[in-house]
Number of protein chains: 2
Amino acid sequence: MTTLTPDAVRPATHAKLRILATADRLFYTEGVHTVGVDRIISESKVTKATFYKYYRSKDALIVVYLQGRDRMARDFLASLDTNCDTPEQRLRGVVNEISAQVIRGGFHGCPFINAAAQFTDPAHPVRQAVSAHRDWYGRSIEDMFRGMGHARPGDAADDFFLARDGAFAGANLGDPIGAHTALLRAIQRVLDESGA
Amino acid sequence: MTTLTPDAVRPATHAKLRILATADRLFYTEGVHTVGVDRIISESKVTKATFYKYYRSKDALIVVYLQGRDRMARDFLASLDTNCDTPEQRLRGVVNEISAQVIRGGFHGCPFINAAAQFTDPAHPVRQAVSAHRDWYGRSIEDMFRGMGHARPGDAADDFFLARDGAFAGANLGDPIGAHTALLRAIQRVLDESGA
DNA sequence: CACACCGTAGACAGACCAGTCTGGTGTAAT
DNA sequence: ATTACACCAGACTGGTCTGTCTACGGTGTG
């Protein structure tokens, strides 16, 4: 009577997703270090046993949280691939999304940068999740510039990343409008050079 | 026999400075939230009583740490004022310092951005110290662009700040060399426009 | 029905944290 | 010698944190 236990066949459990949704919200708005598991558990309306059944530790949940954010970004870029005809349109789509994010209410900076600020050891799984995301992101942007025929797509991607990170930090800590407009100017300068 | 207790006349205590020096090192390299007071106390070779004599709480010490970093930045800009003849030279002096910082060993990003990532409440004294620093910094850069005769010094300062914050984040989390060169390109573009 | 699995409910341990308190030592000026 | 002060030494409190534990209830399937 060895059970098959087809986990995938069973309906998706709500508790696991509820925990992750709560963690995503609290981790992003208040910081992964500040928010404790007790708070996530109570706001998720689950119990500790359930929590630790799905996430073996808080650090593991933080990694899953970042992986979820990474997944969202990848899905967004994939949607641009199907909705846009040219690499330049895709690039502008990314910029539009970033510039919209930084002036949106409830913006609290880049979740990866914020998480990394609280884990200084580069070998820690959290930092590795951050590095994996940033590596993928940089490569994707570089590919777009290369697709546009940019002479130095690697440099252009670095320029793009610099502006993005700066806008996220500036909008979070200082003036969102100023960071927003400065981001658009910086990107425009990079795009202007790609045509030259 | 009411004592005069002329605190200022007494030789400066070493313990207080030792505590701050230790806190500066640990807070910057490992994060203000990760490092506990016990660690600062033991590495400073002082006792808890001495620690709490000079710093009423850990949060107060964090604020003093940031104020010290702010003071260093102000002293540096003041030194540029005396050593440089033109606003453009001063601006280039700032850029040189930033670009040197990001590729220097032991660089861990902007201490203010890192500290702010762990205090999300804008009303918290730590966040206010961060805001005070950034406001002063932005105004100083804007003054330099204005002194150069830039048509829109406020925008140029935003552009500068964007590049600076981006370089700090990128160098800390990813590729210091890439962030370094991207920073120099971004600043050069802004300076090119100031002449136009 | 019996079983497997979902989830609830909350006590509990062990570690770590910030911050307070008592008492003692060395030194320099009065 | 007495007073004042900087500092040492470390126990202690009260709180919070992560993570483990036991015990029970509901539900759909074979």
Side-chain angles (χ1 to χ4, degrees), chain A residues 1-23 26-27 30-66 115 118-121 124-126, chain B residues 1-23 26-27 30-66 115 118-121 124-126:
Chain A
M1 188 72 87
T2 59
T3 68
L4 293 178
T5 60
D7 289 336
V9 168
R10 287 255 171 202
T13 59
H14 295 171
K16 185 174 184 178
L17 296 176
R18 230 166 41 230
I19 293 167
L20 183 56
T22 304
L26 294 179
F27 281 163
E30 304 187 28
V32 294
H33 206 163
T34 303
V35 175
V37 291
D38 286 347
R39 177 112 178 274
I40 295 170
I41 285 165
S42 80
E43 294 202 20
S44 299
K45 310 284 187 194
V46 299
T47 60
K48 278 207 162 185
T50 305
F51 176 91
Y52 280 100
K53 175 191 177 99
Y54 292 117
Y55 304 97
R56 73 188 59 171
S57 70
K58 182 188 175 183
D59 279 11
L61 176 61
I62 294 172
V63 171
V64 174
Y65 150 66
L66 291 177
Q118 316 188 30
F119 291 88
T120 50
D121 177 11
H124 193 283
V126 168
Chain B
M1 192 67 90
T2 60
T3 69
L4 291 178
T5 60
D7 288 336
V9 169
R10 287 257 170 200
T13 59
H14 295 172
K16 184 174 183 177
L17 295 175
R18 237 174 26 237
I19 293 167
L20 182 55
T22 305
L26 295 180
F27 281 163
E30 303 186 31
V32 293
H33 207 160
T34 303
V35 175
V37 291
D38 286 349
R39 178 113 176 273
I40 295 171
I41 285 164
S42 80
E43 295 203 21
S44 300
K45 310 286 189 192
V46 298
T47 60
K48 279 207 161 185
T50 304
F51 176 90
Y52 280 100
K53 176 193 178 101
Y54 292 116
Y55 304 98
R56 75 188 59 172
S57 70
K58 181 187 177 183
D59 279 10
L61 177 60
I62 295 173
V63 171
V64 174
Y65 150 66
L66 291 177
Q118 315 187 31
F119 291 87
T120 51
D121 176 12
H124 193 283
V126 168

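Per chain, numbering begins at 1; letters A, B, ... match sequence-line order.
The main-chain N or O of B/R39 is found under 3.5 Å from a side-chain atom of B/S42 such that the two form a donor-acceptor pair. Checked by atom type and distance alone, the side chain of B/K53 never pairs as donor or acceptor with a backbone atom of B/K16 at under 3.5 Å.
Atom NZ of A/K53 is separated from atom C1' of D/dT20 by 15 Å (rounded to the nearest Å). One interatomic measurement links the two molecules: CD1 of B/I62 to C1' of C/dC17, which rounds to 13 Å at whole-angstrom precision. Distance A/L61 CG to D/dC17 P: 15 Å, rounded to the nearest Å. Taking atom NE2 of residue B/H33 and atom C1' of nucleotide C/dA18, one finds them 11 Å apart after rounding to whole Å. Taking atom CG on A/D38 and atom P on C/dG14, their separation rounds to 18 Å, with Å as the unit. Between B/K16 atom NZ and D/dC5 atom P the separation is 16 Å, expressed in whole Å. Put simply, NZ on B/K58 is 15 Å from P on C/dC16, counting in whole angstrom units. In this entry the distance linking CG of B/D59 with C1' of C/dA18 reads 10 Å, nearest Å.
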(Q) Is there a side chain to side chain contact (heavy atoms under 4.5 Å, CB included) between B/T47 and B/T50? Walk through the geometry before answering. (A) CA-CA 5 Å; B/T47 60; B/T50 304; 3.2 Å; yes
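Contact of the B/K48 side chain with the B/D38 side chain is registered, since non-hydrogen atoms from C-beta on lie closer than 4.5 Å.
In this structure, the nucleotide among C/dA18, C/dA9, D/dT18 sitting nearest to the side chain of A/A49 is C/dA9. Among the nucleotides D/dC21, D/dC7, C/dG19, the one closest to any side-chain atom of B/Y52 is C/dG19.
Between atom NE2 of residue B/H33 and atom CD1 of residue B/I62 there is a gap of 8.0 Å, rounded to the nearest 0.5 Å. If you take CG on B/D59 and NE2 on B/H124, they are separated by 4.0 Å, rounding to the nearest 0.5 Å. Rounding to the nearest 0.5 Å gives a distance of 5.5 Å between NZ of A/K58 and CZ of A/F27.
One finds a side-chain N or O of A/T50 lying less than 4.0 angstrom from the OP1 or OP2 phosphate oxygen of C/dT8.
Taken residue by residue, residues 39-48 of chain B places heavy atoms nearer than 4.0 Å to DNA chain D at B/K45, B/V46, B/T47, B/K48.
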